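Structure, as structure tokens:
Here the structure is a predicted model, which means the values were calculated and not measured. Note that these values count all heavy atoms, side chains included, but never hydrogens, waters or copies made by symmetry. Proteins come first, then strands; the chains are lettered A, B, ... in the order of their sequence lines, and each starts at number 1.
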2 protein chains.
Amino acid sequence: MLKEERHQTILTQVELHNRVLLTDIAERLDVSIDTVRRDVKELDQESKLRKVHGGAISLGYTTNSTRNNNIYALSQKIIIAEKAASLLKNGAVIFIDGGTTCLEFARIIPLDIQLTCFTLSLPVAMVLNNKPNVEVIFVGGQISREAQITIGAMATNMLSEIKVDYSFIGTGYVDVSYGLTDFDWDIVQVKKAVIKASKKTVLLCISEKLNSQHRYKICDINAIDTMVTELDWNDDQLKLFSSHDVHIF
Amino acid sequence: MLKEERHQTILTQVELHNRVLLTDIAERLDVSIDTVRRDVKELDQESKLRKVHGGAISLGYTTNSTRNNNIYALSQKIIIAEKAASLLKNGAVIFIDGGTTCLEFARIIPLDIQLTCFTLSLPVAMVLNNKPNVEVIFVGGQISREAQITIGAMATNMLSEIKVDYSFIGTGYVDVSYGLTDFDWDIVQVKKAVIKASKKTVLLCISEKLNSQHRYKICDINAIDTMVTELDWNDDQLKLFSSHDVHIF
DNA sequence: ATATTATTTGCTGTTTTATGCAATTTTATT
DNA sequence: AATAAAATTGCATAAAACAGCAAATAATAT
């Protein structure tokens with residue numbers, strides 16, 4: 001039996017049951033426990049699973065609390081959040097969207113800056129509420145279970161009655177020529193309302209979501225005033241956006 | 001059973017019930033109490049929960065009262081919450097107030113009951129959002145930092161446009177003859193609006209807050225339809241309320 | 001093909017870790 | 001203060017991890 005086959009079997013078992021015992025694997029593969037131990041050690045070093053005393057567990061199984069997306073994506077979001085935070089001005093009235101990138105942005109807001117923040121995201125509101133100099137105003141309405149934001153007529157209604165200096169939206173899918181899109185109609189509606197309610201709109205966007213589209217349109221690309229990504233843009237790349245009135249950051 | 005699995009089970013139980021007894025866990029996992037104690041100790045050191053005498057409690061219950069180090073300190077609130085939950089009917093449209101007692105109530109709502117819940121409390125909304133059969137509608141407005149609820153004109157405005165079957169309010173200070181009071185004017189305003197928006201009002205109240213008053217009046221005692229406390233009331237005690245149209249539970 | 005080298009595997013003894021039990025101390029409640 | 005429950009401590013046992021070694025296997029060079 002080849003090592004690679006064993007590795008494959010172990011990974012399959014881990015995915016299937018969320019956990020395995022070294023003794024079970026050793027018996028099933030008919031190899032010594034030491035071999036299994038060495039296999040699991042390697043797989044652990046390759047970050048394919050997590051080795052624990054007596055066995056191994058699936059990576060996804062580790063925590064149910066803070067959705068531990070991959071670490072790489074998180075670091076990208078933090079880069080974006082830091083860039084966006086540098087745009088903040090004292091005393092501003094802003095809006096912060098839902099989603100993990102915007103949550104990261106909310107977390108990174110300095111404690112000494114004075115802001116009035118509208119939001120429709122429950123986690124964002126919780127985070128902002130711990131900033132001593134931020135006044136939080138929550139946009140009410142029906143709560144979307146997965147997204148943890150308010151959606152629906154009540155939300156768009158309330159949004160139609162407010163005006164903010166800057167909105168920071170973390171919307172999904174951006175195509176230079178077609179504009180911003182999303183796959184959820186309700187979410188598209190609130191995002192449209194948010195953009196309408198803001199004098200300037202800042203888009204927080206991971207580069208991998210560039211040049212992709214979904215079912216429903218939010219707005220044209222030039223409805224965005226500033227786009228923040230994790231990249232350092234060179235002139236060639238910037239040219240793509242040159243015809244649109246978007247500031248790339 | 002791997003240690004990691006036990007940890008996960010313990011954490012899940014803590015999230016669900018806010019508190020667990022070491023003896024319960026030991027029985028459920030079929031390990032000795034010492035093992036459970038060691039597990040909980042580790043989880044405490046990892047800040048995944050808070051270990052207390054006899055068990056563990058969920059974080060977020062950092063009630064910074066000095067001697068809240070026993071597992072039964074929450075029991076009054078849980079007794080009230082359980083009583084109140086028994087009043088729930090399938091399909092009802094209800095409102096849930098802020099505060100720790102109401103949060104306890106929200107947590108204890110059975111997973112299988114179908115409800116539409118309005119709330120103005122961020123923690124309550126987060127909890128309800130994890131109940132598969134509860135539709136959550138958040139009352140928007142300015143967020144009160146300490147209370148973690150919405151206050152102000154925006155909130156009372158939105159409340160004036162809704163009507164619920166039952167509201168569960170966890171207001172502070174109750175005096176049989178004078179009525180309900182509180183020391184925060186803004187909170188009094190929203191509570192008044194809530195009572196107005198509900199066909200029936202249920203008051204969740206720890207007995208120690210009975211017969212005390214504060215600056216601002218919320219309503220008369222007979223504006224309350226049902227009062228839930230942690231006590232078993234005898235006839236003598238009930239007589240106090242006999243002249244008012246309040247159902248004591 | 002054969003010899004040489006490198007890698008893998010299983011075994012041994014040792015060390016570490018996990019677990020349960022009993023005796024003692026601490027804590028909470030009446 | 002008295003009592004009962006829980007925490008702590010020390011200890012024994014067993015399981016697992018580890019390190020080193022030698023045989024077996026695979027890879028490579030000659």
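- Residue Ile33(B) is out of contact with every strand shown, counting any heavy-atom pair closer than 4.0 Å.
- Following rounding to the nearest Å, Leu22(B) (CG) and dA4(D) (C1') show an atom-to-atom distance of 16 Å.
- Heavy-atom distances under 4.0 Å link DNA chain C to Lys3(A), Arg6(A) of residues 3-12 of chain A, given in residue order.
- The separation between Asp24(A) atom CG and dA15(D) atom P is 14 Å, rounded to whole Å.
- Annotation: side-chain hydrogen bond (donor to acceptor under 3.5 Å, both in side chains) contacts of Asp165(B) (sequence neighbours excluded): Lys199(B).
- Annotation: ring pair (Phe, Tyr, Trp, His ring centres under 6.0 Å) contacts involving residues 82-103 of chain B, sequence neighbours excluded, are absent.
- To the nearest angstrom, P of dG20(C) lies 10 Å from CG of Leu29(B).
- In this view, Lys217(B) and Asp220(B) satisfy the side-chain hydrogen bond (donor to acceptor under 3.5 Å, both in side chains) rule, not counting sequence neighbours.
- The side chain to side chain donor-acceptor pair (under 3.5 Å) pairs that include a residue from residues 139-150 of chain A are Gln142(A)-Glu135(B), where partners are two or more places apart or lie in different chains.
- Annotation: ring pair (Phe, Tyr, Trp, His ring centres under 6.0 Å) contacts involving residues 101-131 of chain B, sequence neighbours excluded, comprise Phe105(B)-Phe168(B).
- Rounding to whole angstrom units, CG of residue Asp34(B) and C1' of dA6(D) are separated by 11 Å.
- Tyr216(B) and Trp185(B) have perpendicular rings, their planes meeting at more than 60° on a 0 to 90° scale where under 30° would count as parallel.
- Among pairs with a residue in residues 37-46 of chain B, those fulfilling side chain to side chain donor-acceptor pair (under 3.5 Å) read Lys3(B)-Glu42(B), Arg6(B)-Asp39(B), His7(B)-Asp39(B), Glu46(B)-Lys48(B), at least two apart in sequence or across chains.
- Of the candidate nucleotides dG10(C), dA28(C), dT17(C), dT17(C) has the atom nearest to the side chain of His53(A).
- Going from atom CE of Met1(B) over to atom P of dA15(D) covers 18 Å, rounded to whole Å.
- Atom CD1 of Ile25(B) is separated from atom P of dA7(D) by 13 Å (rounded to the nearest Å).
- For Thr35(B), the side-chain hydrogen bond (donor to acceptor under 3.5 Å, both in side chains) partners at least two apart in sequence or on another chain are Ser32(B).
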>> Using side chain to side chain contact (heavy atoms under 4.5 Å, CB included), reason through Val202(B) and Ile94(B) one step at a time and then give a plain yes or no.
In response: CA-CA 10 Å; Val202(B) 180; Ile94(B) 68 172; over 6 Å; no
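- Helix-axis bend for the helix from dA1(C)-dT30(D) to dT30(C)-dA1(D): the local axis fitted to the five terminal pairs at one end deviates from that at the other end by 40°, rounded to 10°.
- Of the residues in residues 35-43 of chain B, those lying under 4.0 Å from DNA chain C by heavy-atom distance are Thr35(B), Arg38(B).
- Under the rule for a side-chain hydrogen bond (donor to acceptor under 3.5 Å, both in side chains), the partners of Ser207(A) that lie at least two apart in sequence or sit in another chain are Glu230(A).
- Qualifying ring pair (Phe, Tyr, Trp, His ring centres under 6.0 Å) partners for Tyr166(B), counting only residues two or more places apart in sequence or in other chains: none.
- For Thr23(A), whose side chain is taken as the heavy atoms from C-beta onward, the closest listed nucleotide among dA16(D), dT12(C), dT8(D) is dA16(D).
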